[in-house]
There are 2 protein chains.
Amino acid sequence: MYSIGDLSRRTGVKAPTIRYYEQMGLLEAPQRSEGNQRRFAKAELERLAFIRHARDLGLTINSIRQLIDLSGHADRPCADADRIAKEQLASVRDRIAKLQKLEEELERIATCCTGETIGDCYVIRALSNHSLCGHEH
Amino acid sequence: MYSIGDLSRRTGVKAPTIRYYEQMGLLEAPQRSEGNQRRFAKAELERLAFIRHARDLGLTINSIRQLIDLSGHADRPCADADRIAKEQLASVRDRIAKLQKLEEELERIATCCTGETIGDCYVIRALSNHSLCGHEH
DNA sequence: CTAATTGCTCTAGTGACTAGAGGTTCAAGA
DNA sequence: TCTTGAACCTCTAGTCACTAGAGCAATTAG
Ligand SMILES: [Zn+2]
Ligand SMILES: [Zn+2]
Ligand SMILES: [Zn+2]
Ligand SMILES: [Zn+2]
């Protein structure tokens with residue numbers, strides 16, 4: 001049996017975050033001590049590691065809840081789980097593509113200023129005038 | 001003189017967002033009609049375009065406020081403006097690098113499942129076990 | 001003049017936490 | 001056994017950049 005602090009140290013997840021996951025229904029309400037403090041079993045530690053790993057990969061609380069629900073039915077087809085992973089991959093690729101466009105524009109904006117004063121600063125001029133940009137964002 | 005709806009149509013920024021920018025101090029409080037409705041001058045239209053462009057490039061409200069403050073002093077050195085742009089570029093690059101790591105892991109996780117059921121789904125196994133990952137995230 | 005549209009303010013909700021207040025319980029040393 | 005200090009509890013509010021909605025007032029076209 002782990003206290004919330006033990007669990008926190010073992011997983012690197014802060015105690016308020018663990019309580020938050022419980023509130024969001026990702027962790028089941030654990031047993032309590034006589035004085036009402038949380039006492040976690042090993043299964044909860046493993047589930048928390050699962051949650052943390054999924055969060056580190058950018059999955060939302062909602063997706064993680066779905067995956068946890070699925071993982072309780074070992075005999076069902078895994079198409080839903082695969083779909084969630086593929087959607088997350090697509091979303092990450094989408095964000096990368098958008099950020100790369102920004103990077104391109106920002107590189108120009110941030111490195112082309114040869115001015116000395118605000119009056120002729122390329123940063124300010126470029127922000128005032130989108131037509132200096134190479135594409136939409 | 002533009003109403004908030006005129007301004008919205010001309011810039012593509014929704015009316016509540018325009019009010020929000022005013023509240024955040026990015027737009028100065030505009031003149032009002034007799035009936036207390038906002039009436040914007042051309043200068044505000046240009047400033048709103050500036051704000052919108054900066055937002056599209058990912059700058060925060062705070063950075064934009066600083067840039068607006070700077071742009072009122074044409075004779076001052078532009079080092080601060082240049083620094084804000086460079087910091088934003090660095091932040092975008094940082095986010096791209098992190099997302100690319102995620103992309104790599106997610107690609108493996110999302111495409112390697114040859115299982116049929118949750119019980120042997122690679123997605124679930126990979127999320128349960130970070131040691132299957134190629135690197136940290 | 002009337003009806004439709006547009007505008008006003010204010011409040012609350014989003015996601016995934018984080019910080020703080022104000023109080024209680026636990027564990028270890030004396 | 002007692003005491004002290006760390007850890008824990010619940011609850012509320014704040015973060016960021018909006019967005020949605022309620023309930024009302026002003027404007028504009030016919
Ligand atoms: Zn400059
Ligand atoms: Zn642009
Ligand atoms: Zn699968
Ligand atoms: Zn991993």
Side-chain angles (χ1 to χ4, degrees), chain A residues 1-27 29-40 44 48 50-68 84 87-88 91-92 95 98-99 102 137, chain B residues 1-27 29-40 44 48 50-68 84 87-88 91-92 95 98-99 102 137:
Chain A
M1 287 301 178
Y2 309 110
S3 72
I4 200 168
D6 292 340
L7 207 60
S8 176
R9 273 182 296 277
R10 273 164 205 273
T11 59
V13 181
K14 289 181 194 158
T17 306
I18 296 173
R19 293 192 197 100
Y20 172 75
Y21 289 158
E22 181 187 331
Q23 210 187 324
M24 293 297 101
L26 300 189
L27 288 169
Q31 290 187 265
R32 297 284 183 138
S33 73
E34 283 189 18
N36 199 37
Q37 298 193 354
R38 288 170 180 80
R39 292 295 177 261
F40 296 90
E44 272 120 11
L48 183 54
F50 179 99
I51 295 168
R52 203 51 248 177
H53 194 202
R55 282 294 302 131
D56 287 345
L57 287 162
L59 287 149
T60 64
I61 298 283
N62 255 335
S63 294
I64 296 171
R65 204 182 351 246
Q66 291 175 51
L67 287 169
I68 287 173
I84 288 170
E87 281 172 4
Q88 176 63 12
S91 145
V92 165
R95 270 180 285 163
K98 288 200 178 108
L99 284 171
L102 292 198
H137 8 253
Chain B
M1 286 300 182
Y2 310 110
S3 71
I4 199 167
D6 293 339
L7 205 61
S8 175
R9 272 182 295 278
R10 273 164 203 273
T11 59
V13 181
K14 289 182 195 155
T17 306
I18 296 173
R19 293 193 198 99
Y20 171 74
Y21 289 157
E22 180 187 333
Q23 210 188 324
M24 292 298 102
L26 299 190
L27 288 170
Q31 288 186 265
R32 299 284 183 137
S33 73
E34 283 190 17
N36 200 35
Q37 298 193 354
R38 288 169 179 78
R39 292 295 177 260
F40 296 90
E44 272 119 13
L48 182 54
F50 179 98
I51 294 169
R52 202 52 250 177
H53 195 203
R55 282 293 302 131
D56 287 344
L57 287 163
L59 288 151
T60 65
I61 300 281
N62 254 334
S63 294
I64 297 170
R65 204 185 347 247
Q66 290 174 53
L67 287 169
I68 288 173
I84 289 170
E87 280 171 4
Q88 176 64 11
S91 147
V92 165
R95 271 180 284 164
K98 288 202 176 105
L99 285 172
L102 292 197
H137 13 245

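So you know, we letter chains A, B, ... as the sequences are listed, proteins then strands, and number each from 1. Predicted model only: the values in this text are computed from it and were never measured.
- Whole-Å rounding puts the B/Gln31 CD to C/dC8 P distance at 14 Å.
- Checking the phosphate oxygens (OP1, OP2) of D/dC18, a side-chain nitrogen or oxygen of B/Tyr21 falls inside 4.0 Å.
- Between B/Tyr20 and the choices B/Leu27, B/Leu26, B/Ile61, the side-chain contact (heavy atoms from CB on, under 4.5 Å) rule is met once, by B/Ile61.
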Exercise. Along nucleotides 7-13 of chain D, 5' to 3', which nucleotides get a B, which get an S, and which get a -, given that the test is a protein heavy-atom distance under 4.0 Å?
Worked result: -SSB---
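- Contact check, A/Arg52 against C/dC17: a side-chain N or O comes under 4.0 Å of OP1 or OP2.
- Between the OH atom of B/Tyr2 and the P atom of C/dT6 there is a distance of 18 Å, rounded to whole Å.
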Please list, one pair per line, the donor and acceptor atoms closer than 3.5 Å that link side chains of residues 10-17 of chain A to other protein atoms, with sequence neighbours excluded.
from, atom 1, to, atom 2, distance (Å)
A/Thr11, OG1, A/Leu7, O, 2.8
A/Thr11, OG1, A/Val13, N, 3.3

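- Rounded to a whole Å, the CE atom of B/Met1 is 17 Å from the C1' atom of C/dG7.
- By the side chain to side chain donor-acceptor pair (under 3.5 Å) test, A/Tyr21 pairs with A/Arg52, sequence neighbours left out.
- We find that CD1 of A/Ile18 is positioned 11 Å from P of C/dT18, with the value rounded to whole Å.
- Closest approach of B/Leu102 and A/Asp56 over heavy atoms only: CD2-O, 3.4 Å.
- The environment of B/Gln31 atom CD is sparse: at most 12 non-hydrogen atoms of other residues, nucleotides or ligands sit within 6.0 angstrom.
- Atom CD1 in B/Ile61 sits roughly 11 Å away from atom P in D/dT19 (whole-Å rounding).
- To the nearest angstrom, C1' of C/dT14 lies 12 Å from CG of A/Asn62.
- At distances below 3.5 Å, not a single donor-acceptor pair connects side-chain atoms of A/Glu44 with backbone N or O atoms of A/Pro30.
- Considering only the side chain of A/Tyr20, C/dC17 comes nearest among D/dA17, D/dT19, C/dC17.
- Picking from D/dA26, C/dC17, C/dT18 the nucleotide with the shortest atom distance to the side chain of B/Ser33 gives D/dA26.
- Here C/dT18 is the nucleotide among D/dA17, C/dC17, C/dT18 with the atom lying nearest to any side-chain atom of A/Pro16.
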Exercise. Yes or no on side-chain contact (heavy atoms from CB on, under 4.5 Å) for A/Ile68 and A/Ile51, after CA distance, side-chain angles and deciding distance?
Worked result: CA-CA 9 Å; A/Ile68 287 173; A/Ile51 295 168; 4.0 Å; yes
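- Straight-line distance from the CG atom of B/Leu48 to the P atom of D/dC18: 11 Å, rounded to whole Å.
- Between the C1' atom of C/dA16 and the CD atom of A/Gln23 lies a distance of 12 Å, rounded to the nearest Å.
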